[in-house]
Protein chains: 2
Amino acid sequence: MKIDRTDKAILELLQRDATLSVGQVAEKVNISKTACWRRMQQLEKQGVIEKRVALLNAEQVGLPLTVYISVCTNQHNAGWAQNFQRVTQNIPEILEVHRMSGDLDYMIKAVVSDMKGYDRLYKKLIDADLSDVSASFVMEEMKHTTELPLDQL
Amino acid sequence: MKIDRTDKAILELLQRDATLSVGQVAEKVNISKTACWRRMQQLEKQGVIEKRVALLNAEQVGLPLTVYISVCTNQHNAGWAQNFQRVTQNIPEILEVHRMSGDLDYMIKAVVSDMKGYDRLYKKLIDADLSDVSASFVMEEMKHTTELPLDQL
DNA sequence: TCTAATAAGGAATTATATTCCTGAATTGAT
DNA sequence: ATCAATTCAGGAATATAATTCCTTATTAGA
């Protein structure tokens with residue numbers, strides 16, 4: 001199934017605001033309600049639309065501090081990697097974990113309430129045998145979006 | 001307005017799946033549809049719920065490569081910062097920009113189609129006089145969520 | 001305890017999603 | 001080019017959900 005110009009327009013709208021009704025989307029992209037509904041279904045079935053979520057304000061829920069943590073290791077073994085995977089999955093403050101190119105290391109993004117909160121997170125990582133850990137704190141969030149650019153479609 | 005236990009439960013549900021109907025949420029948190037609807041309205045009015053969005057699959061829309069770019073500067077002046085702000089806001093591949101603690105630098109997260117795509121982005125940054133740029137590519141996305149932990153509420 | 005204020009639920013109403021059916025456009029074979 | 005066969009689109013009907021409105025509890029303060 002190919003994503004055409006109309007699908008692209010639908011995706012752009014829904015990335016911005018998923019509360020739009022089928023009718024509203026249909027009108028904006030100039031097709032009928034039914035046709036629009038079918039396209040939206042299709043895009044979900046294909047997995048192009050992964051999910052619809054509510055985005056919360058981190059400050060208002062008591063998580064004003066974002067921190068990037070890089071973790072280095074010289075342990076190449078599968079056991080270590082598996083343990084790392086398991087530990088990070090189960091810490092809810094950790095929002096993202098990436099294995100990076102270059103050095104053999106990982107980048108973690110986490111949100112915490114304050115330095116005390118970071119310290120608790122740090123200890124959890126240390127306890128899990130992730131020793132080579134270094135943190136950078138976010139001073140100012142200048143841009144933050146979940147909208148992917150769809151130019152290439 | 002205080003966020004109580006019930007609000008917290010509502011937020012946890014909607015962070016995970018914003019397609020849940022008011023009725024479904026109400027049932028899960030054991031209150032009436034109307035009460036639940038009012039709480040949801042309130043949470044939106046307060047800005048605790050910032051928005052509802054559709055999350056797309058980056059691979060399926062042709063953006064399989066994520067890159068972190070750090071930008072250093074020795075230019076402290078307001079003009080440079082303003083230019084930086086303007087340039088990054090207008091590049092849609094750039095999803096996040098953070099000013100970090102420690103060294104005077106910035107961290108950018110971007111998505112691109114491939115190395116060619118990265119190179120185009122790189123050139124845009126260079127053109128905008130952001131010279132001290134270094135990239136790290138994501139090899140594997142191990143965790144990626146927009147769900148904030150609400151334990152502290 | 002009484003009153004005012006606040007919060008909750010049920011029923012009615014409105015809006016929206018979803019299905020179903022019909023007709024148009026497109027494709028592929030002859 | 002013509003004729004099925006298939007895919008795609010739209011309108012109307014139906015089902016589901018959101019929203020409003022009204023009435024009843026519950027709470028806080030005098």
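Just so we're on the same page: letters track the sequence lines, and every chain starts at 1.
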Could you check how far CH2 of A:Trp37 sits from P of D:dA12, rounded to whole Å? 19 Å
Parallel, tilted or perpendicular, judged at 30° and 60°: which one describes the rings of B:Tyr122 and B:Tyr118? tilted
Can you give the donor-acceptor pairs under 3.5 Å from side chains of residues 7-14 of chain A to other protein atoms, not counting sequence neighbours?
unit_1, atom_1, unit_2, atom_2, d
A:Asp7, OD1, A:Arg39, NH1, 3.1
A:Asp7, OD2, A:Asp4, N, 3.3

A:Met40 has an atom CE; how far is it from atom P of C:dT19, in whole Å? 13 Å
Does the side chain of B:Tyr68 reach to within under 4.5 Å of the side chain of B:Met107, using non-hydrogen atoms? yes
Non-hydrogen side-chain atoms of B:Glu147 and B:Arg16 separated by less than 4.5 Å: yes
Could you state the CD-P distance from B:Glu44 to D:dT19, rounded to the nearest angstrom? 9 Å
Show me the donor-acceptor pairs within less than 3.5 Å that the side chains of residues 53-66 of chain A make with the rest of the protein, sequence neighbours left out.
unit_1, atom_1, unit_2, atom_2, d
A:Asn57, OD1, A:Glu59, N, 2.9
A:Asn57, OD1, A:Gln60, N, 3.0
A:Asn57, ND2, B:Glu50, OE2, 2.9
A:Gln60, NE2, B:Gln46, O, 2.8

Rounded distance in Å - CD (B:Gln42) to C1' (C:dA8): 15 Å
What I'd like to find out is whether the side chain of A:Gln85 reaches to under 4.5 Å of the side chain of B:Met142, using heavy atoms alone. yes
Can you tabulate the close N/O pairs, meaning under 3.5 Å, that link protein atoms to atoms of nucleotides 23-25 of chain C?
none

A:Thr73 vs A:Phe84 side-chain heavy atoms within contact, under 4.5 Å: no
Heavy-atom side-chain contact between B:Ile91 and B:Leu125 under 4.5 Å: yes
Protein-nucleotide distance (A:Ile31, atom CD1; D:dC8, atom C1'), rounded to Å: 11 Å
Side-chain contact test, heavy atoms from C-beta onward, threshold under 4.5 Å: evaluate it for A:Glu96 versus B:Lys143 and give yes or no. no
State, to the nearest 10°, the angle formed by the axis through the first five base pairs of the helix from C:dT1-D:dA30 to C:dT30-D:dA1 and the axis through its last five. 30°
Under the side chain to side chain contact (heavy atoms under 4.5 Å, CB included) criterion, do B:Glu93 and B:Val67 qualify, and how do the steps go? CA-CA 10 Å; B:Glu93 295 94 327; B:Val67 55; over 6 Å; no
To the nearest angstrom, how far is A:Asp4 atom CG from D:dA9 atom C1'? 13 Å
D:dC8 C1' sits how many Å from A:Arg5 CZ, rounded? 20 Å
Nearest whole Å is fine: how far is C:dT6 P from B:Arg39 CZ? 16 Å
Can you find a pair of side-chain heavy atoms, one from A:Ser70 and one from A:Ile108, that are under 4.5 Å apart? no
Non-hydrogen side-chain atoms of B:Asn90 and B:Val87 separated by less than 4.5 Å: no
Working to the nearest 0.5 angstrom, can you tell me the gap between B:Glu140 CD and A:Met100 CE? 12.0 Å
Residues touching DNA chain D, which here means a heavy atom under 4.0 Å, drawn from residues 17-27 of chain A: none
Could you go through nucleotides 21-25 of chain D and list every protein N or O atom that sits under 3.5 Å from one of its N or O atoms, giving the distance for each pair?
none

Checking B:Glu27 side chain against B:Gln24 main chain: does a donor-acceptor pair fall under 3.5 Å? no
Between C:dG9, D:dG11, C:dT18, which one does the side chain of A:Lys33 approach most closely? C:dT18
